[in-house]
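Naming convention: chains lettered A, B, ... in sequence-line order (proteins, then strands); numbering from 1 in each chain.
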There are 4 protein chains.
Amino acid sequence: MRHEKVDMIFQAAVEVFAESGFDQAKMDDIAQMAGVAKGTIYYHFKSKEELFAGLINEGIEKLIEYANRHIESVEEPVAKIQHLIKAHVLFFIHHAKLAKLLLNEAFGTKERQRHFRGKIREYITLIEKVLIEGKEKGDFNINHTLETASAIFGAASVIVLQKLYHAEDHEVAEMEKDLPSILETLDALLIKGIVDVTEL
Amino acid sequence: MRHEKVDMIFQAAVEVFAESGFDQAKMDDIAQMAGVAKGTIYYHFKSKEELFAGLINEGIEKLIEYANRHIESVEEPVAKIQHLIKAHVLFFIHHAKLAKLLLNEAFGTKERQRHFRGKIREYITLIEKVLIEGKEKGDFNINHTLETASAIFGAASVIVLQKLYHAEDHEVAEMEKDLPSILETLDALLIKGIVDVTEL
Amino acid sequence: MRHEKVDMIFQAAVEVFAESGFDQAKMDDIAQMAGVAKGTIYYHFKSKEELFAGLINEGIEKLIEYANRHIESVEEPVAKIQHLIKAHVLFFIHHAKLAKLLLNEAFGTKERQRHFRGKIREYITLIEKVLIEGKEKGDFNINHTLETASAIFGAASVIVLQKLYHAEDHEVAEMEKDLPSILETLDALLIKGIVDVTEL
Amino acid sequence: MRHEKVDMIFQAAVEVFAESGFDQAKMDDIAQMAGVAKGTIYYHFKSKEELFAGLINEGIEKLIEYANRHIESVEEPVAKIQHLIKAHVLFFIHHAKLAKLLLNEAFGTKERQRHFRGKIREYITLIEKVLIEGKEKGDFNINHTLETASAIFGAASVIVLQKLYHAEDHEVAEMEKDLPSILETLDALLIKGIVDVTEL
DNA sequence: CATGAATGAGGCTTCATTCAT
DNA sequence: TATGAATGAAGCCTCATTCAT
């Protein structure tokens, strides 16, 4: 297990970065929220950038793991992409702070953001893999798999974010009541565009 | 026509803000790029925030106008939503800097960003209106119009942004060659999920 | 008569300088309050300093004239110093803004303030002259005439200023109701310390 | 004992503020004179205003304490007011910088100055208390105690300030040679106006 | 390992002054 | 005479980072 203080710093950092964005987040605030001295952060992390990078990396890796876990036992392509979308939505709802961070900081020309996009690309590639698999099995009818994967990522992310921002104080519990309408919408909107209708 | 210097400032500001994001953008750089003294910016804009806000507002308004112009002469719902999506993609490609800004700065909890989300909401409402119209005409089969509109916005935006970031130095001319695959993808992915298949 | 606009600038300047002090007074505010363009001020005055200096000089000169007018027909020393003090108090009440300025800006090491102190010294010298006259006539018993003049200036000024600040929105009309207690106080406090009691 | 650097900052601040006034004093100068980095000041004080406020508050409190110490063992009213005035003069001479600051910045409409006037009012109230006490004992003959207190404050302050400014480079040692004439003047001028002459 | 006082580079903003019209 | 858009020097303040304890 990681050092206890490192965990507290990580938790506090997610909170503060999500609240303020990278630039406006203050190391003082992270230290205070983590209950450690500012110097302690620098004992464990080389810089603000590195702390943030660690955060995002770990976040996206968790997302990838989470998504993988949700689809590994599913064989049927349509069910698989549905599970993947559901996993995405669930993860964003349960890790709202991280979700905000991802969309907030994923775009931009700074070196840091370039790195994140690479990481996000990993995740989008995961989506693409499912699409390709379905295509090869003859269940999906997709010409541009990478573009489609991006579009799915965008659709699923923004739909959740909109809900999240619409009522910022929603507890996760409350957010869950939005889950059905979100999933239903994505299902209705995206699936028909993916599956090979000649099959139906 | 607005004052000449104000226009130069606006142009420079889009450039610099898009390049660096709000926080890392320097007023010095904007002034230099605009070819005016720093004080001149402050003669016309009260603050960095206000300059930025003006930019975004004008940007989204242009986007809304542009979209409206592209659908006003179209009656048939499916064609209308297709035209809308095409307009969105074209606008994002032709105003790449602004597009980056929108996605970069639209999320976050700062007051400024809250204001932008309100403005973006206006645009999403425009999308929704087209959806509702098609639904009322019996051509669309959609349960959650607002959610669907958000998802469409997300899908269309992210797909373009991914391309944009993939090769940052692409000239618009080059970007245009990506246009067909983007539109084809969105068309294939989204339209079937919107139209009422029982009609076909 | 002075140029109309110059007068308006002067009036506005008194207002603004009194409200904010020299440093925080903004030429913009003076221009606006005077109803002229900022450039117009610079057409008539070389700088902020010069405008201010002109103001103060004119103010103190007015005070000196005013005081002189009030004592020129008085021969008897005790009556003369009483008239002088009364004139001082009346002037400060009727030119509250200027009074504030005088006390506000009379102290300090800046060159400008050095100049004002010289001007104020002129006025204090006027007080001293009355004291010396009374002393020579054998009516006053004073050892240090300059010090005494300073003390009288301080006593009379601060007592009015305290009233002025105590209720800043007092109209002159209302201030006048404070006049008796102020004069009575100064009379009781200062006169006995000036006159030669052996005479009584 | 307060932290060492805070003391150095305080000392430097008195120096610089007294020399230039609040507005023209530069935080850079204070830092340099204190021998600390500019950031260090901001580590200990939230702003220029707060630093200044702390200074003035502490200064007036010191003045009040000093005055109290000088009168606490004195019972007889005339002696008491004489001791008070002497304490005032001594304090102003020994803390010339602070004295300048007090008169320089005590008048004005800025919030900050309003606060100081409140603090100065505390001190004037101390003077008034002595007057009231003497009046109740039947030794003083005063109608308006608050006005009289203000006038005494003004007389004593301005007389010292005039001397201070007259020769700005006077060492304290030299200033002390002015002490007798100042005290003698104030004594002659003010005391007779306070005491009940019917008693004599 | 942990602390928090200290640092100083860097950015936003203000405003007296100028000058072309 | 009068204007007001433009200027740029200068100052306050922030905050990531360091380092002695």
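- Protein atom CZ of A:Phe45 is 15 Å distant from nucleotide atom C1' of E:dC1, rounded to whole Å.
- Taking atom NE2 on C:His44 and atom C1' on E:dT17, their separation rounds to 16 Å, with Å as the unit.
- Picking from E:dT3, F:dA2, F:dC13 the nucleotide with the shortest atom distance to the side chain of A:Thr40 gives E:dT3.
- Atom CD of C:Gln32 and atom C1' of F:dA2 are 17 Å apart (whole Å).
- Distance alone, capped at 3.5 Å, places no donor-acceptor pair between the C:Lys46 side chain and the C:Leu51 backbone.
- Annotation for C:Ile9 and C:Ala34: closest pair CA-CB, 3.8 Å, computed over non-hydrogen atoms.
- Between A:Tyr43 and E:dA2 there is no side-chain N or O to OP1 or OP2 distance below 4.0 Å.
- Here E:dA20 sits opposite F:dT3 as a Watson-Crick or G-U wobble pair (both hydrogen-bonding atom distances under 3.5 Å).
- If you measure from atom CD1 of D:Ile41 to atom C1' of F:dC15, you get 16 Å, rounded to the nearest angstrom.
- The distance between atom NZ of D:Lys46 and atom P of F:dT14, rounded to the nearest whole Å, is 10 Å.
- Annotation: cation-pi pair D:Lys97/D:Phe17 absent, no NZ/CZ under 6.0 Å from the ring centroid and within 45° of its normal.
- Mapped onto DNA chain F by nearest heavy atom, C:Ala37 and D:Tyr42 fall at different nucleotides, with C:Ala37 at the one closer to the 5' end.
- Nucleotide F:dA9 forms a Watson-Crick or G-U wobble pair with E:dT14, both donor-acceptor distances falling under 3.5 Å.
- Among the nucleotides E:dT13, E:dT18, F:dG8, the one closest to the side chain of B:Lys38 is E:dT13.
- Separating the NZ atom in C:Lys62 from the NE2 atom in C:His95 is a distance of 5.0 Å, to the nearest 0.5 Å.
- Side-chain rings of D:Phe116 and D:Phe52 approach one another, their centers coming within less than 6.0 Å.
- The number of heavy-atom neighbours closer than 6.0 Å to CD of C:Glu49, taken from other residues, nucleotides and ligands shown, is above 12.
- Looking at A:Lys119, its side chain never comes within 3.5 Å of a backbone N or O of A:Glu58 through a donor-acceptor pair.
- Within residues 22-29 of chain C, the residues that place at least one heavy atom under 4.0 Å from DNA chain E are, in residue-number order, C:Ala25, C:Lys26, C:Met27.
- The nearest whole Å value for the distance from the CD atom in B:Glu49 to the P atom in E:dG11 is 17 Å.
- Atom C1' of nucleotide F:dC13 and atom CD of D:Glu50 are separated by 13 Å, given to the nearest angstrom.
- For the pair B:Lys48 NZ and E:dT13 P, the computed distance is 8 Å after rounding to whole Å.
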